[in-house]
Trainee: 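Just dropping this structure here.
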Amino acid sequence: MSLFARLANPWIALQRPYQPGRPIEEVARELGLGDVAGIVKLASNENSLGPSPKAQEAMRHAIPQMHLYPDGGSFYLRQAIAKKHGISDDMVMLGCGCNEHAVLLAHAFMGPGDELVASERSFVVYKLVSSLYRCKTVEVPMKGMTHDLEAMRKAIAPQTKLVVVGNPNNPTGTMVGQADVDRFVEQVPANVVTVFDDAYMELLDPKDQVDTVKHVKAAKKPVVVLRTFSKAYGLAGLRVGYALAQPDAIDLLNKVRQPFNVNAMAQAAAVAALDDDAHLEATRQMLRAGRRQLMDGMRKLGLEPVESVTNFILVPFQKAAGLTAALTKRKVIIRPMAGFGLPEHVRVSVGTAKENAQFLNALSEALIELQ
Ligand SMILES: Cc1ncc(COP(=O)(O)O)c(C=O)c1O
């Protein structure tokens, strides 16, 4: 054990860091390529259409002001988000991606010995954050690949502080519907904070989206909704997400955040992106076509991918690490799921038609190599 590891808080020294999707620059270096051209990254559920043109214009416009600290209260962005959801701006809090909100929620509500309830196959950050605060994560078995909300509710114990429902769920790509969500909110005890992680919600057609914000508005139970600009809005590189909750919860979260947690470029771009319906609709269209292309293509190759409602697909595959490596060699980056507790699965993000085709070509070669 290193000197610093001996000096550190033991639960921090034991913490396993989050393993993100590999950056294309890193893969280019590994493959000995001079640049990233031709490498396709389908590993982190980003938006292959890129940032909205309106956001790009807003960023160009913001450049001359970058010597100034950002507005620590993100006034204009909070106003725009509040208007979009029909709530007051004291019910909105911005963060450095909604990953930051996961940390802030644990910081505000959890302490040693407390419990966080989540599904066994859900976003790994919930568990990492919970252990950071010396809490236990109760991982509830799913019904197949979908949350079992009834079982999650039953897993709530006196020491439970947070219950987190990622919907649609990463990495399974499935979702629970409005009636189940409504019943869940009704039944979770009022001394537990229910967090709906809606990171992928805007990628769905509006008619298919689940309204979790109505539970924030109703204020009958302590509900927090998380949203992000990283997925539907194509701004993952800027790191901006938001929490919606009653003003007293937002006050608490504001106490534990850094004063300038959302940079000025991100604020400007996010305001503009919210106003770019055409880009959002083009994104949904790309995903509808892309999911079909990938599902059909993978099934033709003998795989059994999990039907997804969102911008990634979970694929059972025994030699997941070997498949990931064989694809990387062919300039396609996907995500092995060992870090999510699914060592015999990979996850592929839905890209443009061209990117999906490059993935399917590389996949057919890789499967032959692995035979
Ligand atoms: C379910 C889920 N929640 C939250 C996040 C984090 O998003 P952000 O980029 O806003 O931190 C992700 C990112 O992949 C995710 O999959």
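Counting starts at 1 for both ligands and their atoms, in listed order.
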Trainee: With heavy-atom distances below 4.0 Å as the criterion, list the atoms of ligand 1 near Asn170.
Mentor: 1 (C), 15 (C), 16 (O)
Trainee: For atom 7 (O) of ligand 1, find the nearest protein heavy atom and state the residue, atom name and distance (0.1 Å precision).
Mentor: Cys98 SG, 3.7 Å
Trainee: Which is it for Ala199 and ligand 1 at heavy atoms under 4.0 Å: side chain, backbone, both or neither?
Mentor: side chain
Trainee: Out of curiosity, is Gly241 lining ligand 1, as in a heavy atom under 4.0 Å away?
Mentor: no
Trainee: Any Lys/Arg nitrogen of Arg29 or Glu25 sitting under 4.0 Å from an Asp/Glu carboxylate oxygen of the other?
Mentor: no
Trainee: Mind checking whether Arg239 has a heavy atom under 4.0 Å from ligand 1?
Mentor: yes
Trainee: Salt bridge or not between Arg299 and Glu307? Use side-chain N to carboxylate O under 4.0 Å.
Mentor: yes
Trainee: With a 6.0 Å cut-off on ring centres, are His345 and Phe317 close enough?
Mentor: no
Trainee: Output yes when Glu57 and Lys54 qualify as a salt bridge under the 4.0 Å nitrogen-oxygen rule, no when they do not.
Mentor: no
Trainee: State if Asp197 counts as touching ligand 1 under the rule of any non-hydrogen atom under 4.0 Å.
Mentor: yes
Trainee: Under 3.5 Å, is there a donor on one side chain and an acceptor on the other for Ser74 and Asp71?
Mentor: no
Trainee: Using a strict cut-off of 4.0 Å, indicate which atoms of ligand 1 neighbour a heavy atom of Lys231.
Mentor: 13 (C), 14 (O)
Trainee: Between Glu30 and Arg22, is there a side-chain N and carboxylate O pair less than 4.0 Å apart?
Mentor: yes
Trainee: Identify, with sequence neighbours excluded, every residue that meets side chain to side chain contact (heavy atoms under 4.5 Å, CB included) alongside Val125.
Mentor: Tyr18, Asn99, Ala102, Phe123, Val129
Trainee: Mind checking whether Tyr200 has a heavy atom under 4.0 Å from ligand 1?
Mentor: yes
Trainee: Against heavy atoms of Ser230, which atoms of ligand 1 measure under 4.0 Å?
Mentor: 8 (P), 9 (O), 10 (O)
Trainee: Hydrophobic clusters join Ile, Leu, Val, Met, Phe, Trp and Tyr when side-chain heavy atoms are under 4.5 Å apart, directly or via other members; which others share one with Ile368?
Mentor: none
Trainee: May I ask you to list the atoms of ligand 1 that are less than 4.0 angstrom from any heavy atom of Gly97?
Mentor: 8 (P), 10 (O), 11 (O)
Trainee: Distance to 0.1 Å, residue and atom name: give those for the protein heavy atom nearest to atom 5 (C) of ligand 1.
Mentor: Phe123 CE2, 3.4 Å
Trainee: Pick whichever of Asn99, Thr228, Val240, Val125 has a heavy atom sitting closest to atom 10 (O) of ligand 1.
Mentor: Thr228
